[in-house]
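Below, chains carry the letters A, B, ... as their sequence lines are ordered, and counting in each starts from 1.
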There are 2 protein chains.
Amino acid sequence: MCALTPHVTYKLRGFGPMECASEDWLSDLASRNIRTLPPRIDLLRQGDGTGPMHILLDGWAIRYKMLVDGRRQILSILLPGDIFDINGFMAKSMDHSIASLTGVKLAVLDKDVLATARSDYPDVEKLLWCDMHVSAAIQREWSTSLGQRTARERMAQLLCELYTRQTSSHLCEGQACAFHLTQTELAETLGMTPVYVNRTLQDLRREGLIQLENRTLTIHDLPSLEQLALFDPGYLRICESDGGTDLNKERADVL
Amino acid sequence: MCALTPHVTYKLRGFGPMECASEDWLSDLASRNIRTLPPRIDLLRQGDGTGPMHILLDGWAIRYKMLVDGRRQILSILLPGDIFDINGFMAKSMDHSIASLTGVKLAVLDKDVLATARSDYPDVEKLLWCDMHVSAAIQREWSTSLGQRTARERMAQLLCELYTRQTSSHLCEGQACAFHLTQTELAETLGMTPVYVNRTLQDLRREGLIQLENRTLTIHDLPSLEQLALFDPGYLRICESDGGTDLNKERADVL
DNA sequence: CGAAGCATTGACCCTATTCAATTTTGGTGG
DNA sequence: CCACCAAAATTGAATAGGGTCAATGCTTCG
């Protein structure tokens, strides 16, 4: 019945209105096949065939990819309410893996959810699309981070993003939110070494910007952190009515 | 009528069979609104509202994102046959820009192509999905590159990818293919400085692996280059019958 | 033919890595 | 409840990969 926890609903509603009937339908679907899994195991694996759509109801997970020599890049952080593998079955195999960080509660949905949503619950179809677009935008922002930002900036950007995303899902309490990455995992996310992650975090702490302990992140000075990160939350909002920042020069007005 | 150039068709067919009727339909649609545009202008801009679907019929383009202070990251290289903004109108605004590198020929398609394809030309719908999945996989591979590979490895990986993608579309002649990025653009793609791009390229040339001049890339020793790049082309083939490399340890067999 | 953009080179420097050791934390069993 | 162990965090010192700055040569194209 009530498979969708409140923050999952908050997250989805962030993309637009959802009818009660739609929410009930989705909630019912999600409740039919729920998996509870322990921390730090692979949920889906690089090379496997693709599968159904998943909703992460509770806990944190990651998407990652490994090079043949064992180096690992974390590609996304999946938070409660995040959806993955929408329409994944259209591909034949996974190019990456998904793993739990904490214990997780996972709804495994039928592969025809999208088709049913399309015909019967258009508001749900739209929410699924939005989630997919935002995920892609986050991926692009991370690429930009890895390519252009310094280590300090990347760290600040990631903290801003995770805080902002959790705020949108009503997962924060004041300036504090959960934070379930170890320093080694932070390193694999930010393309740096664990040692340097440690030093960077200490700098940010020493400067009074953040606190990070007991799997809790507290942001003491969000404006300064955002400025340091060159953080423009526009990419998290491309599916809301208002867009990002405009920073352009010339234009093909032909189009 | 024959708006789809042969290599565009080759590329799409790479994802699976396409009926003649479907190809005719798509070709006809594409021919209705074709834009020919000069090199190095923005086609779509960060902050703009979203628009219709596009097929790049001819020429090279890039997807890029800028930080507020002007640093630029190139996120994708769009080659002839590449499709972008499938379903883009579901989002409200662009978080990135698209620009031409060479002169380009661009088909601008109606936003309901996907819907029509779904009902009348399912094989086309599948091809569109496949293109989207492969684009996402490429994006993930690039993130992995930026985070984990050294400068040399990143360079080698990019060259392997562009050569392989062009080969799939029958755009190569033997060991040679087109290459329309300046060293500065390579730098913006690989997250390094133009100076170091130059030095890295010279190393690869000196070692007899490649040649790069007159907008032409020649790969003299593909196996060595692939090995240096840790290149596993699986991510380009997730929509074909055969998957990537398996490199796993333990598994949540619960699922 | 001139100018602007692109490629190339050298010298110096700094950000982030490497390696290695130590401390702290968290979880487990006795 | 404490002892123990493994994983995570922290610290220091040395170093390398890649960045910065600045100058020069080479193309391309109007």
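The distance between atom CG of A:Leu201 and atom P of C:dA16, rounded to the nearest whole Å, is 14 Å. The nearest whole Å value for the distance from the CD atom in B:Glu153 to the C1' atom in D:dG18 is 14 Å. Separating the OH atom of A:Tyr196 from the P atom of D:dG12 is a distance of 15 Å, rounded to the nearest angstrom. Between B:Arg152 atom CZ and D:dG17 atom C1' there is a gap of 12 Å when expressed in whole angstrom units. We find that CD of B:Glu213 is positioned 15 Å from P of D:dC26, with the value rounded to whole Å. Rounded to whole Å, atom P of C:dA7 lies 9 Å from atom CG of B:Leu186. The nearest whole Å value for the distance from the CZ atom in B:Arg205 to the C1' atom in C:dT8 is 10 Å. Between B:His180 atom NE2 and C:dC6 atom C1' the separation is 16 Å, expressed in whole Å.
For the pair A:Asn214 and C:dT25, the criterion of a side-chain N or O lying under 4.0 Å from OP1 or OP2 is not met. Under 4.0 angstrom from either OP1 or OP2 of C:dT9 there lies at least one side-chain N or O belonging to B:Gln202. An OP1 or OP2 oxygen of D:dA7 is reached within less than 4.0 angstrom by no side-chain nitrogen or oxygen of A:Gln183. In this structure, A:Asn198 reaches the D:dT10 phosphate: one of its side-chain N or O atoms is under 4.0 Å from OP1 or OP2.
By the 30° and 60° cut-offs, the orientation of the rings of B:His54 relative to B:Phe84 is parallel. Using the six-membered ring where Trp is involved, A:Tyr10 and A:His170 have ring planes that are parallel, under 30° apart on the 30 and 60° scheme.
Counting only N and O atoms by type, the side chains of B:His180 and B:Arg215 include no donor and acceptor under 3.5 Å apart. No hydrogens or angles considered: a donor-acceptor pair under 3.5 Å links the side chains of A:Tyr235 and A:Glu161.
Counting non-hydrogen atoms under 4.0 angstrom, A:Arg149 reaches nothing in the nucleic acid. Here B:Thr182 lies in heavy-atom contact (under 4.0 Å) with sugar-phosphate atoms only.
Checking each of A:Lys65, A:Arg63, A:Arg71, A:Arg72 against A:Glu188 for a salt bridge (charged side-chain N to carboxylate O under 4.0 Å, His left out) leaves exactly one that passes, namely A:Arg72.
Side-chain N/O atoms of B:Arg199 and base N/O atoms of D:dG17 include no donor-acceptor pair closer than 3.5 Å.
For A:Thr150, the listed nucleotide lying nearest its side chain is C:dA16; candidates were D:dT20, C:dT18, C:dA16.
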